[in-house]
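This is a predicted model, so every value here is computed, not measured.
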Amino acid sequence: MYKEQMQMEFIRKLPVPQEIKKEFPISNKVAEHKEVRDEAIKKVFTGESDKFLLIIGPCSADSEEPVMEYIHRLARVQENVADRLILIPRIYTNKPRTTGKGYKGMLHQPDPEKQSDLLEGLISIRKLHTRAIEETGLTCADEMLYPENHRYLSDLLGYVAVGARSVEDQIHRLTASGVGIPCGMKNPTGGDLTIMLNSIEAAQSPQMFLYRGWEVRTQGNPMAHAILRGAVNEHGNTIPNYHFENLIRLYNSYAAKGLDNMACIVDTNHSNSGKEYEEQIRIANEVLHSRRHSADIKKMVKGFMIESYLEDGCQKIGEGIFGKSITDPCLGWEKSEQLIYSIAEQV
């Protein structure tokens with residue numbers, strides 16, 4: 001008799017998204033506010049609005065209180081720049097790990113100094129995203145690291161991104177076609193723009209596939225778009241892709257594809273900055289300069305992704321500095337606030 005050789009330990013059956021949403025529902029006020037914000041963000045991608053997007057916040061949302069302090073500060077700035085900018089806080093609750101080792105974000109560890117607890121993680125990230133909208137009115141962004149987990153937050157998110165290591169994956173592309181909000185598809189770590197554009201085409205197209213045990217059909221997501229985040233060559237050296245020539249090349253390739261709502265978000269950190277977080281200021285200013293000198297670039301580049309927190313740089317887990325990243329280094333609040341106002345003056 002055949003005996004299945006399974007090397008996985010099935011620990012416990014987790015609640016499905018409907019069960020978590022029922023236990024931790026959103027109010028009608030939050031739902032209505034999200035609808036208004038969704039429409040405002042959508043109009044940026046369709047070209048009906050000339051506002052500029054900033055998807056800005058910590059590399060990883062590692063703890064509720066400093067993240068909320070950051071978002072409250074961001075909300076106050078949003079009031080002052082509302083005529084020009086839409087600020088979308090990053091509440092990134094999943095941290096991709098190339099080797100699978102290290103801190104993987106709040107989903108895995110609501111407390112980064114304790115062991116993983118995925119059930120507590122699911123509850124914690126839902127509470128955090130809900131609290132952000134309730135207290136500040138800002139709908140937030142998260143990374144779709146695990147496509148099957150998206151629906152735990154699908155009634156809360158205003159923006160979602162597919163990372164450089166995931167963008168070639170079929171299920172990420174197909175899930176992106178049905179999320180119903182703007183979905184940024186990053187260029188892969190090797191930098192191939194064709195791969196990124198193919199992922200956008202897949203996400204914009206109707207699809208049928210297996211998802212969470214269901215046969216599902218999507219209509220396609222016309223707000224799927226590009227995120228340029230730089231690349232790494234075969235020697236491990238970073239290759240920026242935010243320069244004028246890079247943006248023109250993307251515009252021409254994008255136009256040749258004939259995709260809906262041509263749009264690009266420039267990630268000012270990661271391989272564009274070589275993770276030198278203060279370089280984000282210079283990179284943002286260079287891209288804004290390119291927008292002023294090319295109508296095509298201005299039409300295509302809809303915003304920035306910026307890694308920013310309360311304190312400059314990063315720290316090791318356990319050091320305990322409030323609002324300082326425990327993953328990639330981030331731009332501190334004072335520099336971030338100045339940068340936001342500078343961007344508002346230039347768009």
Side-chain angles (χ1 to χ4, degrees), residues 44-45 52-57 59 88 90 92 96 141 143-144 159-168 172-173 176 182-204 221 223-233 237-257 259-277 279-308 328 331 339 343 346-347:
V44 175
F45 287 98
F52 199 71
L53 300 175
L54 294 186
I55 300 106
I56 183 170
C59 171
I88 305 174
R90 286 170 54 109
Y92 272 35
E143 181 172 353
M144 191 169 66
Y159 183 93
V160 68
V162 173
R165 298 166 188 81
S166 304
V167 75
E168 297 186 61
H172 281 83
R173 294 177 172 193
C183 182
M185 314 296 283
K186 289 196 171 187
N187 64 261
T189 54
D192 190 333
L193 297 185
T194 302
I195 290 172
M196 178 183 67
L197 291 169
N198 285 342
S199 77
I200 296 169
E201 182 175 1
Q204 289 193 355
N221 183 355
M223 292 176 288
H225 59 276
I227 300 177
L228 292 181
R229 49 87 71 198
V232 179
N233 67 16
N237 300 319
T238 56
I239 309 168
N241 59 9
Y242 61 85
H243 296 305
F244 186 93
E245 295 79 8
N246 301 116
L247 297 173
I248 289 295
R249 188 177 302 117
L250 175 60
Y251 179 90
N252 291 333
S253 299
Y254 219 137
K257 271 277 193 181
L259 298 170
D260 292 335
N261 301 320
M262 183 191 298
C264 170
I265 302 293
V266 175
D267 183 341
T268 61
N269 212 16
H270 297 99
S271 292
N272 271 330
S273 69
K275 295 190 178 180
E276 297 291 335
Y277 65 92
E279 287 293 291
Q280 294 183 101
I281 300 169
R282 180 189 58 78
I283 291 166
N285 283 317
E286 180 177 325
V287 174
L288 292 169
H289 179 79
S290 295
R291 288 178 91 241
R292 288 193 293 271
H293 286 77
S294 168
D296 291 340
I297 291 176
K298 183 174 183 179
K299 177 182 176 182
M300 179 182 70
V301 176
K302 304 288 189 181
F304 294 135
M305 187 168 281
I306 298 170
E307 291 198 322
S308 157
D328 290 348
L331 201 64
L339 179 58
I343 291 169
Q346 296 181 67
V347 296

Qualifying salt bridge (Lys or Arg N to Asp or Glu O under 4.0 Å) pairs with a residue from residues 189-198, counting only residues at least two apart or across chains: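 Qualifying pairs, neighbours excluded: none.
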
Are any non-hydrogen side-chain atoms of Met262 and Lys257 less than 4.5 angstrom apart? no

Side chains of Ile227 and Val266: closer than 4.5 Å at any heavy-atom pair? no

By the definition side chain to side chain contact (heavy atoms under 4.5 Å, CB included), identify the one residue from Ile343, Ile55, Leu53 that meets it with Phe304. Ile343

From the list Ile195, Val162, Thr189, side chain to side chain contact (heavy atoms under 4.5 Å, CB included) partner of Glu168 resolves to Ile195

For [X], check side chain to side chain donor-acceptor pair (under 3.5 Å) against everything at least two apart and list the hits.
X: Arg282; value: Tyr242, Glu279
X: Lys299; value: none
X: Gln280; value: Thr268

Main-chain N/O of [Y] paired to [X] side chain as donor or acceptor, under 3.5 Å:
X: His225; Y: Met223; result: yes
X: Ser271; Y: Gly274; result: no
X: Arg291; Y: Val347; result: no

Does either side chain, that of Asn187 or that of Asn241, offer a donor lying less than 3.5 Å from an acceptor on the other one?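 Judged by distance alone, the side chains do pair up.
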
Under the rule for side-chain contact (heavy atoms from CB on, under 4.5 Å), what residues qualify as partners of Asn261, not counting sequence neighbours?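 Partners of Asn261 under the side-chain contact (heavy atoms from CB on, under 4.5 Å) test: Thr46, Pro222.
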
Could you work out, with salt bridge (charged side-chain N to carboxylate O under 4.0 Å, His left out) as the rule, every residue matching Lys186, not counting sequence neighbours? Asp267

Glu307/Arg90 ion pair, N-O < 4.0 Å: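 Salt bridge: yes.
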
Closest approach of Phe244 to Ser294 (non-hydrogen atoms, all atoms of both residues):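 Nearest pair, atom of Phe244 first, then Ser294: CE1-CB, 3.9 Å.
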
